[in-house]
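Structure first, commentary second.
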Amino acid sequence: MRKGIIGFLAICFFMCIFFRGGTEVDEQAYVISMGLDKAQGDRLLLTLELPSVSDASPGKGSTPSNQGAPDKYQIVEAEANTIIDAVEMIRSLVPDNLNFTQTLQIIASEEYARSDQFLQVIENLMLVNDIRKSSAFLICRGKANAYIRAQKPFLGIRLSEDIKTGLEVYERMGFIPSASLGEAFHQMKSGWQDALLPMAAVNDSIQSDSTGELDIKTGRILDTTAGMAQNSGDKKTDLLGAAVFQKGRMVGTITGFEVQLLTYLLGDMKQFTYYFDGCYYRMVNRLPARLKAVKTGDQWVFKVSGGIRVNPLECGHVDVERLTDAFNNEILQVIWKLQKLGADPIGFQGRAVRTVTTLAEWQSVDWMDIYQNASTEVKTDIAVGRES
């Protein structure tokens, strides 16, 4: 009996060796960045960035990038009618097995995001074999392939690690929203809450405020979006602010500071720095923001309340009343901005639907008219001093 078991295990072992399938790790071409640009007509330009193989020449149509970095990368592009076709074209160019399980970021151009074809592109992207649903999903001012080519790592750091760390830090500080491919797709399709995607841009020169987004009077660098502020450093790529979506189409942008405010309202921001009247304040979330959509007669009201403990970083005296009024007004302004855009990333619709008993009753409601004409009340309880 014992010899029979040993013999069976030996047969299984040799079968695993001689008949094993799959692809070895060193035969995988791991994509770290993907770019989506709009080409002529309804065609798509797909850009992939993947580590170069030292003992293999780059595939046809590829160009080396980041020479001199601790690791080297090659960029491969393909133009096709659909993203599925573009991926298959690149598979024929790359000698190894194309693998999307380690993709860190997917960047789409703003031009593409504002087009009517964008949602269909995202739906097709979700069908790509092994696509990583947790990949960060960014919108780029300008061309996505230019952004990928402009990304350079800090000295001594791998580009992949630099991308990952940068995204984590900017999300944690609230400069950009946290958004993955899977989350964005769900929000674009669900209808209860619109998507916010991080804004990215190449910033290699001093740029003027041609869109009116850069408000230098406030003295806050966060009152702008990626690519719109002066860049004096060596890093030529920016991450700041967010692209605002209504269903599956981009309809506008919000600034880095407005992203911080929305992150606070959604309960994901524990503390942040607020600049007011020449002074900086540390704003610590002590009572989570509460959001309500209330109907009184025919009038809808969005109600926002919460509590913040403020610690002055520079000024000794704090005028709590003026500070409270200013902060409440900041929240009002960003909500009004979103109402004008017809986008609801805060999720007021998900709260308003609770006022009816059936979904059939809600489907007869003109939510867009309600959303854009609702009034807003903001009450923030601000206290001065540190937590004991």
Inset, instruction - Taking only Lys NZ, Arg NE, NH1 and NH2, and the carboxylate oxygens of Asp or Glu, determine whether Arg149 and Glu49 approach each other closer than 4.0 Å. - result: no
Inset, instruction - Kindly say whether Glu79 contributes a backbone atom to a donor-acceptor pair with the side chain of Arg43 at under 3.5 angstrom? - result: yes
Legend entry - Least distance between heavy atoms, Gln349 atom then Asp344 atom: N-OD2, 2.9 Å
Inset, instruction - Quick one: pull up CZ in Arg158 and CD1 in Ile32 and give me the separation to the nearest 0.5 Å. - result: 8.5 Å
Inset, instruction - Using a 4.5 Å cut-off on heavy atoms from C-beta on, say whether the side chain of Lys379 contacts that of Lys303. - result: no
Inset, instruction - Quick one: pull up CG in Leu287 and CG in Asp381 and give me the separation to the nearest 0.5 Å. - result: 6.5 Å
Inset, instruction - For residues Ile107 and Ile148, determine if any side-chain heavy atom of one lies less than 4.5 Å from a side-chain heavy atom of the other. - result: yes
Inset, instruction - Report yes or no: do Asp96 and Gln28 form a side-chain donor-acceptor pair below 3.5 Å? - result: no
Inset, instruction - Decide, yes or no, whether a salt bridge links Glu161 with Lys164 under the criterion of side-chain N to carboxylate O below 4.0 Å. - result: no
Legend entry - ring-ring contact (aromatic ring centres under 6.0 Å, His included) contacts in which one or both residues fall within residues 284-315, not counting sequence neighbours: Phe302-Phe348, Phe302-Tyr371
Legend entry - Side-chain donor or acceptor of Asp130 paired with backbone N/O of Thr101 under 3.5 Å: no
Inset, instruction - Verify the neighbour count for atom NZ of Lys133: are there more than 12 heavy atoms of other residues, nucleotides or ligands below 6.0 Å? - result: yes
Inset, instruction - Could you please spell out the steps behind the side chain to side chain contact (heavy atoms under 4.5 Å, CB included) verdict for Leu167 and Ile163? - result: CA-CA 6 Å; Leu167 289 168; Ile163 292 172; 4.0 Å; yes
Legend entry - Single hit among Val384, Ile382, Val318, Ile308 for side-chain contact (heavy atoms from CB on, under 4.5 Å) with Tyr281: Val318
Legend entry - Step-by-step side chain to side chain contact (heavy atoms under 4.5 Å, CB included) determination, Leu196 to Ile254: CA-CA 9 Å; Leu196 284 180; Ile254 58 174; 4.1 Å; yes
Legend entry - Nearest heavy-atom neighbours spanning Asp162 and Pro153: OD2-CA, 3.7 Å
Legend entry - Residue among Val31, Val128, Leu93, Val76 satisfying side-chain contact (heavy atoms from CB on, under 4.5 Å) with Leu98: Val31
Inset, instruction - Grab the two heavy atoms, one from Ala86 and one from Ala80, that are nearest each other, plus how far apart they are. - result: N-CB, 3.6 Å
Legend entry - Donor-acceptor contact below 3.5 Å, side chain Thr82 vs main chain Asp85: yes
Inset, instruction - Would you give the length of the straight line joining atom CD1 of Ile139 to atom OG of Ser109, rounded to the nearest 0.5 angstrom? - result: 8.0 Å
Legend entry - Side-chain heavy-atom pair Gln246, Leu341 within 4.5 angstrom cut-off: no
Inset, instruction - Using modelled atom types only, decide if a donor and an acceptor are shared between the side chain of Glu110 and the backbone of Cys140 within a distance under 3.5 Å. - result: no
Legend entry - 4.5 Å side-chain heavy-atom contact, Thr255 and Thr224: no
Inset, instruction - Please assess Leu222 against Tyr275 for the test side chain to side chain contact (heavy atoms under 4.5 Å, CB included), listing each intermediate value before the final yes or no. - result: CA-CA 10 Å; Leu222 294 186; Tyr275 181 82; over 6 Å; no
Inset, instruction - Give, for atom CZ of Phe327 and atom OH of Tyr264, the distance between the pair rounded to the nearest 0.5 Å. - result: 5.0 Å
Legend entry - Side chain to side chain, Lys189 and Glu123, heavy atoms closer than 4.5 Å: yes
Legend entry - Approximate separation, where rounding is to 0.5 Å, of Gln120 CD and Asp42 CG: 11.0 Å
Inset, instruction - Determine yes or no for a side-chain-to-main-chain donor-acceptor pair under 3.5 angstrom, with Asp194 supplying the side chain and Pro345 the backbone. - result: no
Legend entry - Any donor-acceptor N/O pair, Arg141 side chain to Ala201 backbone, under 3.5 Å: no
Inset, instruction - Applying ring-ring contact (aromatic ring centres under 6.0 Å, His included), run through Phe257 and Tyr274 and close with a yes or a no. - result: CA-CA 9 Å; Phe257 177 67; Tyr274 180 52; 5.8 Å; yes
Inset, instruction - Quick one: closest heavy-atom pair of Ala195 and Gln187, and the distance? - result: CA-OE1, 3.2 Å
Legend entry - Aromatic ring pairing Phe137/Phe118, orientation class (parallel under 30°, perpendicular over 60°, tilted between): parallel
Legend entry - Non-hydrogen atoms of Val365 and Glu361 that approach each other most closely: CG2-O, 3.7 Å
Legend entry - Close side-chain approach of Arg249 to Leu119, heavy-atom, < 4.5 Å: no
Legend entry - Val251 with Met368, same ILVMFWY side-chain cluster at under 4.5 Å: no
Inset, instruction - Identify whether the distance between the nearest side-chain nitrogen and carboxylate oxygen of Glu168 and Arg172 falls below 4.0 Å. - result: no
Legend entry - Check: Thr263/Asp268 side-chain N/O donor and acceptor closer than 3.5 Å: no
Inset, instruction - Output every pair passing ring-ring contact (aromatic ring centres under 6.0 Å, His included) with a member in residues 74-106, not counting sequence neighbours, ordered by first then second residue. - result: none
Legend entry - Atom of Gly174, atom of Val259 and distance for their closest heavy-atom approach: O-CG1, 3.3 Å
Legend entry - Test item: Lys38 side-chain N/O and Gly41 main-chain N/O as donor-acceptor pair under 3.5 Å: yes
Inset, instruction - Report the distance from atom CD1 of Ile346 to atom CG of Leu266, rounding to the nearest 0.5 Å. - result: 6.5 Å
